[in-house]
*Asks:* 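So that we are looking at the same thing, I have put the structure below in structure tokens.
Quick note on labels: first sequence line is chain A, next is B, and so on, each numbered from 1. As a basis for the values below, the full set of heavy atoms in this structure was taken, side chains included, without hydrogen atoms, waters or symmetry mates.
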2 protein chains.
Amino acid sequence: MVGRNLVGPEVDALELGVVLRALADEHRRSVMMELAADRTDGERGCNSFDLPISKQTQTHHFRVLREAGLINEIDYGNRKGIRLRRTDVESRFPGLLALLAAELT
Amino acid sequence: MVGRNLVGPEVDALELGVVLRALADEHRRSVMMELAADRTDGERGCNSFDLPISKQTQTHHFRVLREAGLINEIDYGNRKGIRLRRTDVESRFPGLLALLAAELT
DNA sequence: TCAAAGGTACGATTGATTTCGTACCTGAGT
DNA sequence: ACTCAGGTACGAAATCAATCGTACCTTTGA
């Protein structure tokens with residue numbers, strides 16, 4: 001099945017406050033640290049992050065990341081793909097992803 | 001009168017989570033944006049930020065920034081000095097202050 | 001067609017954070 | 001000594017955010 005890309009803000013609409021609030025949460029930050037550190041930027045399943053929380057809560061967190069403009073969510077119906085918006089984030093907030101990647105112990 | 005420097009974490013103890021939670025708040029972020037953009041790094045009175053909140057709440061916010069390791073607070077008894085910990089923050093989170101300074105419209 | 005796995009919607013709960021009222025402290029200046 | 005401006009301590013109220021239970025949807029594969 002072909003996936004539908006769920007909507008997020010355009011590059012110019014990214015706001016630092018929204019982004020920082022998104023990154024303030026430990027679980028969302030761990031997702032972003034993994035994505036930032038993986039330079040292949042491949043699409044990942046949203047179960048590949050081993051988050052120790054229920055799937056309803058994961059839905060919530062990935063939506064927050066998407067609405068902040070940090071990731072794309074691709075809806076396949078019964079599964080979901082996650083992809084970092086690296087060029088957008090890097091162009092709007094240069095250095096931010098490096099900061100996150102560097103925190104990956 | 002000579003001021004006493006209120007305690008904050010050492011450079012090595014700075015944590016990204018704590019820092020991002022501190023920066024997630026709009027008022028604290030506006031303080032940090034001003035400090036980051038002012039390269040003189042002079043000591044500032046904590047009334048120089050024109051925060052639209054009560055002084056009790058300001059006390060709270062500056063403490064959060066200090067405990068995150070972002071600023072020093074110098075206690076003069078009946079007034080308080082604020083100073084950005086630029087070298088510490090820059091060494092632990094390179095690029096973060098530039099990100100904040102760039103947001104100052 | 002039907003079951004199973006993965007995901008979402010909605011609402012409730014719980015917990016954290018922001019905010020401020022009241023009371024009190026400190027130093028400067030009269 | 002007294003007042004005043006600036007700050008803090010403590011606690012309560014209000015707001016916001018994370019979490020999950022229940023119910024429901026979508027696709028895959030038997």
*Asks:* Could you pull out all residues at least two apart from A:Arg79 that satisfy salt bridge (charged side-chain N to carboxylate O under 4.0 Å, His left out)?
*Replies:* none
*Asks:* Using whole Å, what does the distance between atom C1' of nucleotide D:dG7 and atom CZ of B:Arg44 come to?
*Replies:* 18 Å
*Asks:* Do the charged groups of B:Arg63 and B:Glu73 touch, with an N to O distance under 4.0 Å?
*Replies:* no
*Asks:* I'd like to check A:Leu99 versus B:Pro94 (side-chain heavy atoms, cut-off strictly below 4.5 Å). Are they in contact?
*Replies:* yes
*Asks:* Just the rounded figure in Å: distance from C1' of D:dG7 to CD of B:Gln58.
*Replies:* 10 Å
*Asks:* Where the side chain of B:His61 is concerned, which of C:dT19, C:dG7, D:dA17 is the nearest nucleotide?
*Replies:* C:dT19
*Asks:* Looking at CZ of A:Arg92 and OG1 of A:Thr87, how far apart are the two atoms once the value is rounded to the nearest 0.5 Å?
*Replies:* 14.0 Å
*Asks:* In this structure, how many angstroms lie between the C1' atom of D:dA17 and the CD atom of A:Glu67, rounded?
*Replies:* 14 Å
*Asks:* Checking side-chain contact (heavy atoms from CB on, under 4.5 Å) between B:Val31 and each of B:Leu84, B:Leu70, B:Leu51, B:Leu100, which is the one that passes?
*Replies:* B:Leu51
*Asks:* Does a distance-only test, which skips hydrogens and angles, find a donor-acceptor pair under 3.5 Å between the side chain of B:Lys80 and the base of D:dG7?
*Replies:* no
*Asks:* A:Phe62 has an atom CZ; how far is it from atom P of C:dA9, in whole Å?
*Replies:* 15 Å
*Asks:* Output side-chain donor-acceptor pairs under 3.5 Å for residues 15-23 of chain A, partner residues at least two apart or in another chain, one line each.
*Replies:*
none

*Asks:* So A:His27, base contact, sugar-phosphate only, or nothing? Heavy-atom distance under 4.0 Å.
*Replies:* sugar-phosphate
*Asks:* Under 4.0 Å between a side-chain N/O of A:Arg28 and OP1 or OP2 of D:dA18, yes or no?
*Replies:* yes
*Asks:* Between the side chains of A:Lys80 and A:Asp75, is the shortest nitrogen-to-carboxylate-oxygen separation below 4.0 Å, so that they form an ion pair?
*Replies:* no
*Asks:* Once you round it to whole Å, what is the distance between C1' of C:dT26 and CG of B:Asp75?
*Replies:* 8 Å
*Asks:* Both A:Ser54 and B:His60 contact DNA chain D. Which one's nearest nucleotide lies toward the 5' end?
*Replies:* B:His60
*Asks:* Name the nucleic acid region contacted by B:Arg4, choosing base, sugar-phosphate or nothing; use a 4.0 angstrom heavy-atom cut-off, strictly under.
*Replies:* nothing
*Asks:* Could you tell me whether the side chain of A:Gln56 has a donor or acceptor atom within less than 3.5 Å of a complementary atom in the base of D:dG21?
*Replies:* yes
*Asks:* How long is the line joining CG of B:Leu20 and C1' of C:dT17, in whole Å?
*Replies:* 16 Å
*Asks:* Rounded to whole angstroms, how far apart are CZ on A:Arg63 and C1' on D:dT19?
*Replies:* 13 Å
*Asks:* Counting side-chain heavy atoms from C-beta on, which of D:dT19, C:dT17, C:dT8 comes nearest to B:Arg21?
*Replies:* C:dT17
*Asks:* What residues, two or more places apart in sequence or in another chain, satisfy salt bridge (charged side-chain N to carboxylate O under 4.0 Å, His left out) together with A:Arg83?
*Replies:* A:Glu43
*Asks:* Is the phosphate of C:dT8, meaning OP1 or OP2, less than 4.0 Å from a side-chain N or O of A:Thr59?
*Replies:* yes
*Asks:* Residues of residues 45-53 of chain A with any non-hydrogen atom less than 4.0 angstrom from an atom of DNA chain C: list those, numerically ordered, please.
*Replies:* A:Cys46, A:Asn47
*Asks:* For nucleotides 25-30 of chain D, give me one character per nucleotide, 5' to 3': B if any protein heavy atom sits under 4.0 Å from the base, S if the only such contacts are to the sugar-phosphate, - if neither.
*Replies:* -BBS--
*Asks:* How long is the straight-line distance from CZ of A:Phe93 back to CD of B:Glu103, given to the nearest 0.5 Å?
*Replies:* 5.5 Å
*Asks:* D:dA23 C1' sits how many Å from A:Lys55 NZ, rounded?
*Replies:* 11 Å
*Asks:* Holding to salt bridge (charged side-chain N to carboxylate O under 4.0 Å, His left out), I want the full list of residues that pass it with B:Arg29, two or more places apart in sequence or in another chain.
*Replies:* none
